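Below you'll find the structure, written out as C-alpha cells, and then a few comments.
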Amino acid sequence: MAHFQHFIDGTFTHGTSGRTFPKYRPSDGALIGHVHEGGRAEIDLAVQAARAAQKGPWARLTVDDRSDLMRAVADGIVRRFDDFVAAEMADTGQPRSMMEHAFIPRGAANFRIFADVVKNVATESFQTPTPDGRGALNYAIRKPKGVIGVICPWNAPLLLMTWKVAPALACGNSVIVKPSEETPGTATLLGEVMNDAGVPAGVYNVVHGFGPDSAGGYLTQHPGVDAITFTGETRTGTAIMQAAAHGLRDVSFELGGKNSAIVFADADLDVTLEALGRSVFLNCGQVCLGTERVLVERPLFEALVAGLKEKAEALRPGATLGPLISAEHREKVLSYYEKAVAEGASVVTGGGVPTMPEELSGGHWVQPTIWTGLADEASVWNEEIFGPCCHIRPFDSEEEAIAVANATDYGLSTAIFTRDLSRAHRVAAEVDVGITWVNSWFLRDLRTPFGGTGHSGIGREGGVHSLEFYTELRNICVKL
Ligand code: NAD
C-alpha cells in the first residue's frame with residue numbers, strides 16, 4: 001500500500017498533522033494508498049525551506065547552471081519513465097498509451113523547453129537622449145519573483161504541474177506544489193527526481209491535502225508566498241484570488257471552459273472527425289481544452305453526427321477510454337446526462353453507464369455520449385461538464401456560428417474546420433478565446449501563449465509569457 005508523503009526541504013516527511021486520507025484507483029475503485037494531509041504547520045515549513053533555498057544556493061547558480069539542472073530533471077523523468085506512467089495510471093485510470101505518448105513525455109518536455117527559453121529570451125534596451133547630449137541607456141533585467149505557490153488539478157497531473165514548475169524553477173524561483181487530492185503520485189515521485197538531479201533542497205516542495213482549511217487554503221493565504229499559479233475550476237480561482245489579494249500577490253489562472261468547435265460545410269470530414277474524436281473524448285472528456293459544443297453548418301450536420309457517433313461507439317471503456325476521476329465526478333457527469341434528456345435532447349449515443357467486466361465494476365465509468373436537439377438555454381449547452389460528451393447544433397451562417405460560440409462567459413479554446421482559409425482567419429479573430437486551432441486540435445507548441453479569456457483564466461503562460469509571470473522585470477537607467 002502506497003504512502004504519499006510531503007516533500008519538504010529535499011526530504012520526504014509525514015508532517016505533523018497526523019491526518020491521512022485514502023486514495024482510490026478510478027478504474028476499479030480499489031484503495032491504492034494513503035495520502036498525508038498537510039495543514040498550516042507543513043505549509044509553514046515548506047515556505048521557510050523554499051525561502052531559504054531561493055535566497056541561498058539556488059540564487060547563486062548561473063542561468064546556465066539552472067538550465068542544465070532543468071535538463072537533468074527532464075532526463076530523470078525519462079529514466080524513471082515506467083514509474084511515472086504507472087503512478088499516473090494508478091491515479092487517473094487513463095490508458096497506458098496516452099500516458100506513454102503524451103502526458104509523461106510532455107512532463108519531461110516542459111523542463112527542456114524552459115531550460116532553453118530562460119537562456120534565449122532577450123530583455124529590452126533603450127537609448128534615451130538627454131539635454132547634455134550624452135544620453136542614457138535603459139536596460140531591463142529579470143529577477144525571480146521568489147516563492148511560488150502552485151495549485152494543480154487532477155486531469156493531467158504531471159503535465160499541468162510541470163507546465164508551471166519548470167518555468168518557475170528555470171527563472172530561479174522556488175515552489176510549493178499542492179497537487180490535487182485525487183492525484184498525489186507523480187508530484188511526489190518528482191521529488192525523488194529533483195534530489196537525484198541535484199536540485200538544491202527546498203527549491204521544489206510538495207504538500208498534499210485539500211483546498212479550504214487544508215494545504216491549498218493555507219498555501220494561498222500564506223504571506224510568505226509571493227505569487228500563485230493555479231489551474232482548476234473557475235470558482236476555485238475566485239477563492240484563490242481573494243486569498244491572493246492579501247499582500248497583493250500576483251496570480252496566473254488557467255480555469256474552466258465550455259469550448260466550441262465550428263465546422264463549416266466545406267470542411268474535410270475525415271480531418272474534422274479525427275480531431276473531434278479526440279477533443280470530445282480524450283482523457284474521458286476531462287481536458288480543459290476539450291470540445292463540449294459542436295457547431296456544424298447545416299449541410300454537413302447529418303454526416304458529422306453519424307461520423308462522431310461512429311467514433312464514440314468505437315471507443316472501448318477499459319481499453320481505449322478511461323474512467324472519470326472519482327465517484328463524485330461521475331455523479332456530476334451523470335447528472336448532466338439526465339438533465340440533457342430532461343431538457344429535451346435526443347441521445348445520439350451513450351447517455352448512461354457501460355457494462356464493465358467484474359474486475360472493473362467498481363470504477364467510475366460512463367458511456368461516451370452525444371446529444372442533438374437542445375435549446376441554447378439548456379444547462380448542458382452552457383455549463384462545463386468535464387465528461388466524454390458533446391451536444392451538436394446546426395448553424396446557417398458564419399455570423400450565427402460566431403455569435404453562438406461567443407455566448408458564454410468562458411473563453412478558453414475553439415477549433416475551426418474549413419477549407420476556406422480566409423474564413424478560418426476571419427472567424428478565428430472573432431471568437432473570444434485564448435487559443436484557436438484551425439483544422440486541428442491540441443497541436444501544442446510550448447513557446448506559444450496559453451491561457452483563456454473571461455472566466456477561463458487570467459494571464460498567459462508558455463514560452464516568454466511564462467517568464468513574464470515568473471520573473472519581475474526591472475529597468476536600470478544609466479546616465480552616460
Ligand atoms: P478544482 O478547482 O476543484 O481543484 C484544483 C486544485 O485546487 C486542487 O488541488 C484543489 O485541492 C485546490 N483547491 C480547491 N479549493 C481551493 C481553495 N479554496 N484554495 C486553494 N486551493 C484549492 O479543479 P479540479 O476539479 O481539480 O480540475 C478540473 C477543472 O480544472 C476544470 O474546471 C477544468 O476546466 C480546469 N482545468 C483548466 C485548465 C486550463 O489550462 N485552463 C487545465 C486543466 C484543468
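Remember, it's 1-based here, ligands and their atoms both numbered in the order they're listed. Treat the numbers as computed from the prediction; the structure is a model and nothing was measured. Index from 1, following the sequence.
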(message) Please confirm whether G457 approaches ligand 1 to less than 4.0 Å, judged on its heavy atoms.
(response) no
(request) Measure from NZ or CZ of K145 to the centre of the six-membered ring of Y470 and say whether it is under 6.0 Å with the direction within 45° of the ring axis. (result) no
(message) Evaluate W154 for polar contact with ligand 1, using N/O atom pairs at a separation under 3.5 Å.
(response) yes
(message) Between ligand 1 and F253, can you find any atom pair, the residue atom being a heavy atom, that is separated by under 4.0 Å?
(response) no
(message) Checking the N or O distance criterion of under 3.5 Å, is ligand 1 in contact with T234?
(response) no
(message) For E182, which part has a heavy atom under 4.0 Å from ligand 1: side chain, backbone, both, or neither?
(response) neither
(request) Answer yes or no: does atom CE of M356 have more than 12 heavy-atom neighbours from other residues, nucleotides or ligands under 6.0 Å? (result) yes
(request) Report the part of L160 (side chain from C-beta onward, or backbone N, CA, C, O) that has a heavy atom under 4.0 Å from ligand 1; answer both or neither where that applies. (result) side chain
(request) Below 4.0 angstrom from a heavy atom of F450, which ligand 1 atoms are there? Numbered from 1 as shown, please. (result) 40 (O)
(message) Walk me through whether H36 and H3 qualify under ring pair (Phe, Tyr, Trp, His ring centres under 6.0 Å).
(response) CA-CA 7 Å; H36 290 271; H3 273 267; 5.7 Å; yes
(message) We want to know whether T448 and H465 form a side-chain donor-acceptor pair, criterion being a heavy-atom distance below 3.5 angstrom.
(response) no
(message) Applying a heavy-atom cut-off of 4.0 Å, say which part of C152 lies close to ligand 1: side chain, backbone, both or neither.
(response) backbone
(request) Report yes or no: is the cationic atom of R106 (NZ for Lys, CZ for Arg) closer than 6.0 Å to the six-membered ring centre of W163, at no more than 45° off its axis? (result) yes
(message) Please verify the inter-ring angle class for F21 with F210; under 30° counts as parallel, over 60° as perpendicular, anything in between as tilted.
(response) tilted
(message) I'd like to know if the side chain of T229 pairs up with that of E461 as donor and acceptor (distance under 3.5 Å, no hydrogens or angles considered).
(response) yes
(request) Of the side chain and backbone of F386, name the one, both, or neither that has a heavy atom under 4.0 Å from an atom of ligand 1. (result) side chain
(request) For T183 and D91, test the side chains for any donor-to-acceptor distance below 3.5 angstrom and give the result as yes or no. (result) no
(message) Checking a contact table here: which protein heavy atom is nearest atom 39 (C) of ligand 1, and how many Å away?
(response) C288 SG, 3.2 Å
(request) Number the atoms of ligand 1 from 1 as they appear, then name those within less than 4.0 Å of a heavy atom of F210, with their elements. (result) 11 (O)
(message) Tell me the contacting part of E384 for ligand 1: side chain, backbone, both, or neither, using a 4.0 Å heavy-atom threshold, strictly below.
(response) side chain
(request) Number the atoms of ligand 1 from 1 as they appear, then name those within less than 4.0 Å of a heavy atom of S180, with their elements. (result) 9 (O)
(request) Mark yes or no: R293 above the aromatic ring of W381, with NZ or CZ under 6.0 Å from the six-membered ring centre and no more than 45 degrees from the axis. (result) yes
(request) Check whether any heavy atom of P212 sits under 4.0 Å from an atom of ligand 1. (result) yes
(message) side-chain contact (heavy atoms from CB on, under 4.5 Å), that's the test. Do F12 and H6 meet it? Break it down for me.
(response) CA-CA 6 Å; F12 287 95; H6 314 298; over 6 Å; no
(message) So, regarding F230 and ligand 1 (criterion: nitrogen or oxygen to nitrogen or oxygen, under 3.5 Å), is there a contact or not?
(response) no
(message) Walk me through whether T188 and Q5 qualify under side-chain contact (heavy atoms from CB on, under 4.5 Å).
(response) CA-CA 7 Å; T188 312; Q5 303 187 78; 5.5 Å; no
(request) Please check if any side-chain donor atom of Y218 sits under 3.5 Å from a side-chain acceptor atom of E42, or the reverse. (result) no
(message) Any donor-acceptor pair under 3.5 Å linking the side-chain atoms of K164 with those of T231?
(response) yes
(request) Answer yes if a protein heavy atom lies under 4.0 Å from atom 4 (O) of ligand 1, otherwise answer no. (result) no
(message) Give me the residue, atom name and distance of the protein heavy atom closest to atom 35 (C) of ligand 1.
(response) G232 O, 3.3 Å
(request) Tell me yes or no: between the side chains of S379 and E343, is some donor less than 3.5 Å from an acceptor? (result) yes
(request) Could you tell me which atoms of ligand 1, counted from 1 in the order shown, lie closer than 4.0 angstrom to a heavy atom of L412? (result) 41 (N)
(request) Check each atom of ligand 1 against the heavy atoms of E181 and keep those under 4.0 Å away; list them by number with element. (result) 8 (C), 9 (O), 10 (C), 11 (O)
(message) Please list, in number order, the atoms of ligand 1 under 4.0 Å from a heavy atom of K178.
(response) 8 (C), 9 (O), 10 (C), 11 (O)
(request) Considering heavy atoms of the protein only, find what lies nearest to atom 23 (O) of ligand 1 and give residue, atom and distance to 0.1 Å. (result) E233 N, 3.4 Å
(message) Does either side chain, that of T20 or that of E37, offer a donor lying less than 3.5 Å from an acceptor on the other one?
(response) no
(request) Could you tell me the residue and atom name of the protein heavy atom closest to atom 22 (C) of ligand 1, and the distance to it rounded to 0.1 Å? (result) G211 CA, 3.5 Å
(request) Identify which of L255, T220, N155, I151 has a heavy atom lying nearest to atom 37 (C) of ligand 1. (result) L255
(request) Would you mind telling me if ligand 1 is within reach of the side chain of L219, the backbone, both or neither, using heavy atoms under 4.0 Å? (result) neither
(request) Would you check whether P179 reaches within less than 4.0 Å of ligand 1, judged by its heavy atoms? (result) yes
(message) As an exercise, state the distance from CH2 of W441 to CD1 of I435, rounded to the nearest 0.5 Å.
(response) 11.0 Å
(request) From the options V150, T236, V177, select the one whose nearest heavy atom is closest to atom 13 (N) of ligand 1. (result) T236
(request) Show which atoms of ligand 1 fall inside a sub-4.0 Å distance from at least one heavy-atom site of G217. (result) 19 (N), 20 (C)
(message) Please list the nearest protein heavy atom to atom 27 (O) of ligand 1 with its residue and the distance rounded to 0.1 Å.
(response) P153 CB, 3.3 Å
